[in-house]
Every structure is written in C-alpha cells, then in structure tokens.
Amino acid sequence: MNITEKIIGEHLVSGEMRAGEEIAIRIDQTLTQDSTGTMAYLQFEAMGIDRVRTKRSVAYIDHNMLQSGFENADDHRYIQTVAAKHGIWFSRPGNGICHQVHLERFSAPGETLLGSDSHTPTCGAAGMLAIGAGGLDVAVAMGGGAYYLTMPKVCRVLLTGRLKPMVSAKDVILEILRRLSVKGGVGKVMEYAGEGLESLSVPERATIANMGAELGATTSVFPSDRRTREFFAARGRAGAWRELKADPDAGYDEEIVVDLSALRPMAAQPHSPDNVAEISSIAGIKVDQVCIGSCTNSSFCDMMRVAGILAGKHVAPNVSLTISPGSRQVLRALASNGALARMVTAGARILECACGPCIGMGQAPATDAVSLRTFNRNFYGRSGTPSAKVYLVSPEAAAVSAVTGVLTDPQSWDGGEAPYDVPELFDIDDGMLIPPVEDSSDVEVVRGPNIKPFPQAAPPAEELSGPVLIKVGDNITTDHIMPSNAKLLPFRSNVPYLADYCLTPCDPAFPERAKAAGVGFIVGGANYGQGSSREHAALAPLYLGVKAVLAKSFARIHRANLINNGILPLEFTSDADYEAAAEGEEVLIHAAPEQIREAAGGKALTAAIGGREVALKLEISERQRDILLAGGLLNYTRESGK
Ligand code: MIC
Ligand code: SF4
C-alpha cells in the first residue's frame with residue numbers, strides 16, 4: 001500500500017478504496033481559523049452537541065487580526081468562549097498561523113486532520129492525511145461524524161537529486177504547478193517519495209504540501225522518516241513520531257518525476273499560481289513591495305535565510321518590505337538569536353505572526369504596484385488592490401529583490417547562502433494555547449452584535465426557474481465569488497452584509513441584479529470555485545436566491561460547500577451549451593425529488609436555457625442526494641442523526 005491508502009485504510013468508516021468511489025473516514029483532529037471559524041461554530045452549536053468528539057480540535061485566531069472596529073474582537077471572544085464551552089483548544093491571537101502552529105504543536109504522523117481552511121494539507125508534511133473542507137463539514141467532524149470524500153487517485157511525486165544553493169522548496173511546488181496547472185491535482189493526493197526527500201526538512205516539505213492546495217489536490221502527503229523524527233525531537237515532541245512509509249511494492253495511479261538538481265528560482269506571475277516562469281527570464285521588473293510570510297513560507301529556516309540575505313544590507317528605497325514570522329515559536333527563536341535585529345536593521349517592517357497581507361488584512365499595495373510575495377495565491381484583487389501585480393516567489397528571491405529593488409534571480413546574488421544554526425531543541429512555550437477545561441458548565445458563550453443568523457437552505461423546488469444572473473469564465477476563484485479583505489473580513493458572521501459584495505470582482509452589479517430577480521442561476525466555466533474553503537462563497541449566493549450553479553466543472557471544496565448549503569452544482573454535458581448560455585436568459589430545471597434521485601443514479605437532469613434544451617449532470621453520491629433533498633447538510637444531520 002502507499003501512504004495514502006495506509007492512512008485511509010486505518011480510518012475507513014464506509015466505502016471502498018477505489019478511486020472515484022465515495023468513502024467516509026474517521027477524523028482524529030480538526031482545526032478552524034477565525035475567518036471560517038465563527039460560521040463553523042455557529043453551525044456546530046446548531047447541531048446541539050455538548051462536547052467535541054475528536055481526539056483534538058483547535059480553534060485558531062490568525063486571519064481577522066485588525067481591530068479597526070468591534071467586529072473582529074467580538075468574533076474572537078465568541079470563538080474563545082464557544083471553544084471553552086465545547087472542549088476545544090484555543091490558540092490566542094499572536095500565537096501564529098493555524099497551519100504553522102498545528103504542524104509544530106499538534107501534527108501526528110498517520111492521523112487524519114480536517115480543517116476549515118484550504119491549506120490544511122500543510123500538516124501532510126509530517127505524514128498526516130490533512131484535508132481542507134467547508135465549515136459545516138468540519139462542524140460535523142467535531143461532532144464525531146465521519147468525513148465523506150471521493151476516494152482520490154494517488155499521484156506519486158518522485159523527487160530525485162538535491163536543490164542547488166538559493167533554490168528553494170517553493171521552487172519545487174512552483175515547478176509542479178507549472179507542469180500540472182491549478183486544475184492538475186483535482187481528485188488526487190500528491191504523495192511524495194524518492195531519494196530527494198532526505199535533503200528536505202519538514203518545514204520545507206510543508207511549503208510543498210501547503211501549495212498542493214493550488215493544484216486543486218485533495219491533499220499532499222510525505223512519509224514520516226528520519227527528517228520527521230528530527231522535526232518532532234527539536235520541538236520537544238519526540239513521542240508524537242511514528243514511522244510511516246509506502247510499501248516497496250506500493251501501486252500508484254500516476255507518477256511525475258522532479259529532479260531537484262535541475263530546478264532554478266521561479267515566480268508565479270499575475271494572476272494565477274500556475275503562471276510560472278524562471279525568474280532569470282523575467283528579472284529586472286521594478287518592485288514596490290515585498291511581503292515575506294504566510295502559511296507557505298514563514299518557518300524558522302525561511303526566516304533565517306531571509307535574515308542571512310538582509311544582514312548588513314538595506315531595503316531599496318522604492319521597496320516596502322514586510323515580514324510576518326509564522327508562529328510565536330519562530331518569532332521567539334529569531335528574537336533570541338539576533339536574526340530579528342538584522343531584519344529590523346535592514347529596514348524590514350515586522351508584522352505580527354498572522355496571515356496579514358496574504359488575505360488582504362492590511363498592506364494593500366499602491367495603484368499598479370508590483371508586489372513580490374512568498375505566499376501561495378496571487379488571484380486577481382486578493383491583495384486588496386485590483387490593479388496590483390502580485391508575483392509569488394521563494395523567501396530567498398523575495399529578500400534579494402527587496403535589497404536590489406528589482407525582481408532578481410537569487411542565484412545571481414553574490415552574497416550566496418549564509419549558514420545558520422537550527423536549534424536542536426526549540427525553546428518551548430505554549431503559553432498562548434489554552435487547553436480545554438474539564439467542566440465547562442459555567443462557561444457562557446458571548447455573542448456580539450456582529451453575529452447574525454446564517455441563511456439556511458431548503459429542499460429544492462420541483463421546478464427551478466429564473467434568469468442567468470451572471471456568466472463567468474474558467475478558474476473563477478472564491479476570491480471572485482466572495483472577496484476577502486480588511487473591509488469585508490470583519491463581516492464573516494454577517495452573510496447579509498457580505499452578500500452585497502458577492503461576485504463583484506466579476507460584475508459590480510451582480511448582487512443588485514440577483515436581489516431584483518429573487519431567484520436565479522450562475523453560469524461558470526471549468527474549475528469554478530477554486531481556492532479557499534470559505535463557505536461564504538456558497539452562503540452569499542444562497543442568501544441571494546441562487547438555486548444552482550451551472551458550470552463546466554467545479555473545484556472540490558466549493559462543490560461540497562454548494563451541496564452542503566442546498567445549491568445544485570450542475571455540470572454542462574457539452575461545451576456548446578456553456579458557450580451558448582447568456583446572461584439574462586431564462587433557465588428552467590426539473591429538480592423534483594424523483595429527478596434528483598435519478599441524477600444520483602447517473603441520469604442527466606433536463607433543463608432549458610433560453611428555450612434551448614440542455615442536459616445537465618448532477619454527479620452526486622447517495623448521501624449527497626439525501627443532503628440535497630433534506631435541504632442541506634445541517635438539516636440532513638439533524639434529521640438523520642448521522
Ligand atoms: C485563504 O487563504 O483564502 C483563506 C482565507 O485562508 C481561506 C479561508 C477563508 O476564506 O477564510 C482558505 O484558504 O480556505
Ligand atoms: Fe492565512 Fe494566507 Fe495561509 Fe490562507 S493562505 S491560511 S490567508 S496565510
């Protein structure tokens with residue numbers, strides 16, 4: 001067996017491990033963060049379960065960190081109290097980015113982790129099967145329910161050779177994105193193997209696992225080996241280690257080979273993580289901003305490489321450089337070994353240990369600015385400045401370019417790589433992690449005025465009719481569907497407010513048009529809903545009366561979020577039907593329970609768009625059929641007690 005099969009096999013609750021089949025797995029650990037967490041906990045509360053039934057559930061505060069009004073602070077207080085009430089660990093604001101902290105403090109090889117954030121697969125670096133999902137799926141898992149997914153194909157990524165100086169783990173995943181594209185991992189687990197692994201530490205593997213999300217992969221997983229043991233030992237968690245590797249005769253559905261020695265420093269150009277070029281071919285572009293950090297590149301080693309490059313240098317006058325270490329553990333280590341001082345002396349603006357600019361929480365670039373970021377997404381508008389051009393690069397490329405003021409190939413930097421010491425044992429301080437209390441009977445859950453009831457789905461009407469409210473192209477991201485930035489994130493518990501911004505990056509008039517129509521449909525291209533796990537990208541359309549999304553294909557998490565919220569994810573059976581569909585045309589879909597049952601059996605739903613008859617696929621499992629018929633996952637869970 002390969003590693004994926006081993007972990008799934010140990011956690012299988014139902015189904016067979018055949019690619020494409022629906023399976024259910026037991027979830028050992030869950031994580032939430034604050035921008036999806038409020039909704040996940042409201043949904044958990046609505047399920048009426050007293051205490052979480054996982055081995056460990058952790059609520060992190062790391063996204064909505066600017067307190068420019070009462071909203072974020074109120075949400076944090078709600079999450080802290082709801083966590084205390086239900087037996088959940090609480091990671092206080094300032095403790096770090098959920099994925100970085102979870103890897104350091106809670107990851108466990110061979111266990112399963114479900115997180116309400118698309119970059120949850122980061123913990124795959126330590127041999128976990130770590131999957132991102134919508135808040136409702138995570139709420140169900142917290143209640144002890146299994147997680148249902150399509151058994152993925154397993155793609156072996158064979159790593160050979162060794163990275164050259166100034167070439168980084170980031171370049172490995174950028175190379176894979178270049179080859180496979182943002183759709184290339186859909187329906188797959190990327191399982192890493194090969195002699196090249198030996199030279200990659202767990203934090204480097206984490207960079208690669210993290211950006212498997214940008215491939216659209218279900219998750220990414222690494223073996224748990226000598227390097228993993230070393231990682232746990234250095235964090236005072238030697239007991240959490242166990243060996244995990246694929247059997248020598250393990251089978252895989254696909255394989256790709258990446259020769260680490262052949263890689264050169266790369267950049268993902270605007271506005272997609274797969275728009276990758278070698279930096280040497282685009283070097284020289286004038287840079288206005290450099291942001292180092294995020295769950296992709298904020299480990300101790302990343303920061304030390306940056307500090308090594310900045311030592312004795314100064315940030316170019318045209319560049320604003322920000323650095324956000326990924327966790328308090330990293331920040332404390334940098335503070336005690338002097339690296340932090342080197343960064344500050346070089347002119348870096350040190351931000352708190354949080355997502356920060358990655359989710360548009362501050363540091364929106366200037367008009368038309370070029371921003372180099374060590375992050376994982378450069379989707380249109382995500383930085384907060386629609387005209388900005390964001391390039392994704394390694395920490396080395398970011399630091400070198402911050403000094404030169406132009407996009408620079410770090411291999412051309414004469415400074416070379418500065419050596420640094422990795423502590424054999426980090427100074428451990430879990431003072432910002434609050435463990436759950438045994439008896440929470442007197443804990444009062446505090447809800448601020450920002451928390452509004454969330455829209456609830458209903459079973460579909462027998463005939464769905466209304467106009468095409470908008471037609472969009474391929475690879476529409478959740479950042480298009482439900483934008484996130486410093487102004488909107490405070491309203492993640494207020495769907496009516498957020499709905500006024502739904503799909504506005506594609507068409508500012510969409511919310512108004514949807515409200516006027518009352519009921520309607522979205523027409524999308526391929527890979528609709530790629531990117532984040534935010535359920536709000538389903539909740540806002542639900543609030544606006546969207547009954548179905550008709551697309552060429554869907555991204556995994558968004559598709560599940562639509563079903564969980566009672567919106568039909570329908571696929572065109574012919575591209576010509578997509579081409580012909582136009583905004584404003586009337587749609588009629590026959591969606592009586594009988595038709596939905598037949599669709600689950602493989603029969604297309606009949607529909608008409610602008611009077612043309614079209615066949616639409618609704619590829620759903622029997623369970624998803626029942627969820628849709630019940631009017632969403634919450635109703636289904638309440639009714640079925642599952
Ligand atoms: C992101 O990177 O887009 C986020 C913000 O972390 C999201 C979650 C969210 O929208 O709150 C994600 O990746 O799931
Ligand atoms: Fe936070 Fe950015 Fe990572 Fe999302 S991708 S969890 S916003 S750091």
Side-chain angles (χ1 to χ4, degrees), residues 31-40 59-66 72 75 79 91 93 96-103 114-123 130-135 137-138 173 206-207 209-214 216 219 273 291-299 302 322 324-327 351-363 373-384 390 392 477-486 488-493 495 498 501 529-540 555-558 560-561:
L31 72 76
T32 59
Q33 37 86 343
D34 47 335
S35 69
T36 54
T38 38
M39 203 48 74
Y60 291 91
I61 305 292
D62 55 0
H63 281 63
N64 299 356
M65 303 294 274
L66 296 180
N72 287 338
D75 285 3
I79 294 177
S91 175
I97 305 175
C98 56
H99 309 302
Q100 178 74 26
V101 177
H102 210 85
L103 184 67
L114 194 71
S116 64
D117 190 279
S118 63
H119 291 101
T120 303
T122 311
C123 280
I131 304 180
D137 277 325
V138 176
I173 189 65
T207 297
N210 174 278
M211 279 189 84
E214 279 50 66
T219 189
C291 300
I292 298 176
S294 91
C295 58
T296 314
N297 277 122
S298 59
S299 67
D302 284 337
T322 72
S324 351
S327 70
L351 307 181
E352 66 180 323
C353 306
C355 301
C358 179
I359 191 53
M361 264 288 164
Q363 309 304 326
R373 299 176 162 212
T374 65
F375 308 166
N376 47 39
R377 292 185 171 146
N378 57 347
F379 298 147
Y380 172 73
R382 184 175 162 100
S383 66
V390 176
L392 306 176
T477 72
T478 53
D479 282 298
H480 291 99
I481 307 170
M482 197 56 263
S484 273
N485 53 44
L488 291 181
L489 274 163
F491 298 97
R492 280 293 182 93
S493 350
V495 174
L498 282 186
Y501 297 86
Q530 69 158 328
S532 124
S533 67
R534 68 188 68 142
E535 225 175 350
H536 306 77
L539 288 166
R556 179 184 67 87
I557 306 179
H558 186 59
N561 285 340

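Just follow the structure's listing: the first ligand is 1, and inside any ligand the first atom is 1. Numbers here simply count residues along the sequence, with the first being 1.
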Identity and separation of the nearest protein heavy atom to [atom]:
atom                    : result
atom 13 (O) of ligand 1 : Ser118 OG, 2.5 Å
atom 3 (O) of ligand 1  : Arg382 NH1, 2.8 Å
atom 2 (Fe) of ligand 2 : Cys358 SG, 2.3 Å
atom 1 (Fe) of ligand 2 : Cys355 SG, 2.3 Å
atom 8 (C) of ligand 1  : Gln33 NE2, 3.2 Å
atom 11 (O) of ligand 1 : Ser35 OG, 2.4 Å

May I ask you to list the atoms of ligand 1 that are less than 4.0 angstrom from any heavy atom of [X]?
X      : result
Ser533 : 12 (C), 14 (O)
His63  : 4 (C), 5 (C), 6 (O)
Ser532 : 3 (O), 7 (C), 8 (C), 9 (C), 10 (O), 12 (C), 13 (O), 14 (O)
Ile359 : 5 (C)
Thr36  : 8 (C), 9 (C), 11 (O)

Within ligand 2, which atoms have a heavy atom of [X] less than 4.0 Å away?
X      : result
Ile359 : 7 (S)
Asn376 : 5 (S)
Cys295 : 3 (Fe), 5 (S), 6 (S), 8 (S)
His63  : 1 (Fe), 4 (Fe), 6 (S), 7 (S)
His119 : 5 (S)

One residue to check: Thr296. Relative to ligand 2, which of side chain, backbone, both or neither has a non-hydrogen atom less than 4.0 Å away? neither
How does Arg373 reach ligand 2, by side chain, by backbone, by both or by neither, if only non-hydrogen atoms under 4.0 Å count? neither
Specify side chain, backbone, both or neither for His99, according to which of its non-hydrogen atoms lie closer than 4.0 Å to ligand 1. neither
Mode of Asp117 contact toward ligand 1 - side chain, backbone, both, neither (heavy atoms, under 4.0 Å): both
Show the numbers, then the answer: is there a side-chain hydrogen bond (donor to acceptor under 3.5 Å, both in side chains) between Ser484 and Arg492? CA-CA 9 Å; Ser484 273; Arg492 280 293 182 93; 2.5 Å; yes
Answer yes or no for Arg492: is there a heavy-atom contact with ligand 1 below 4.0 Å? yes
I'd like to know whether ligand 1 has Arg377 as a neighbour, heavy-atom separation below 4.0 Å. yes
Separation of [Y] [atom2] from [X] [atom1] (nearest 0.5 Å):
X      : Y      : atom1 : atom2 : result
Thr478 : Arg534 : OG1   : CZ    : 4.0 Å
Cys355 : Leu489 : SG    : CG    : 9.5 Å
Ile79  : Ser91  : CD1   : OG    : 11.5 Å

Specify the closest pair of heavy atoms between [X] and [Y], including all atoms of both residues, with the distance to one decimal.
X      : Y      : result
Val138 : Leu31  : CG1-O, 4.0 Å
Asn561 : Ala538 : O-CB, 3.7 Å
Ser298 : Ser324 : CB-O, 3.8 Å
Ser294 : Phe375 : CB-CD2, 3.3 Å

Could you tell me if Arg382 and Ser532 have a donor-acceptor pair between their side chains, going purely by distance under 3.5 Å? no
I'd like to know if the side chain of His99 pairs up with that of Asn210 as donor and acceptor (distance under 3.5 Å, no hydrogens or angles considered). no
Would you say His99 reaches atom 3 (Fe) of ligand 2 with an N/O/S atom under 2.8 Å? no
Between Arg534 and ligand 1, does any nitrogen or oxygen pair lie at a separation below 3.5 Å? yes
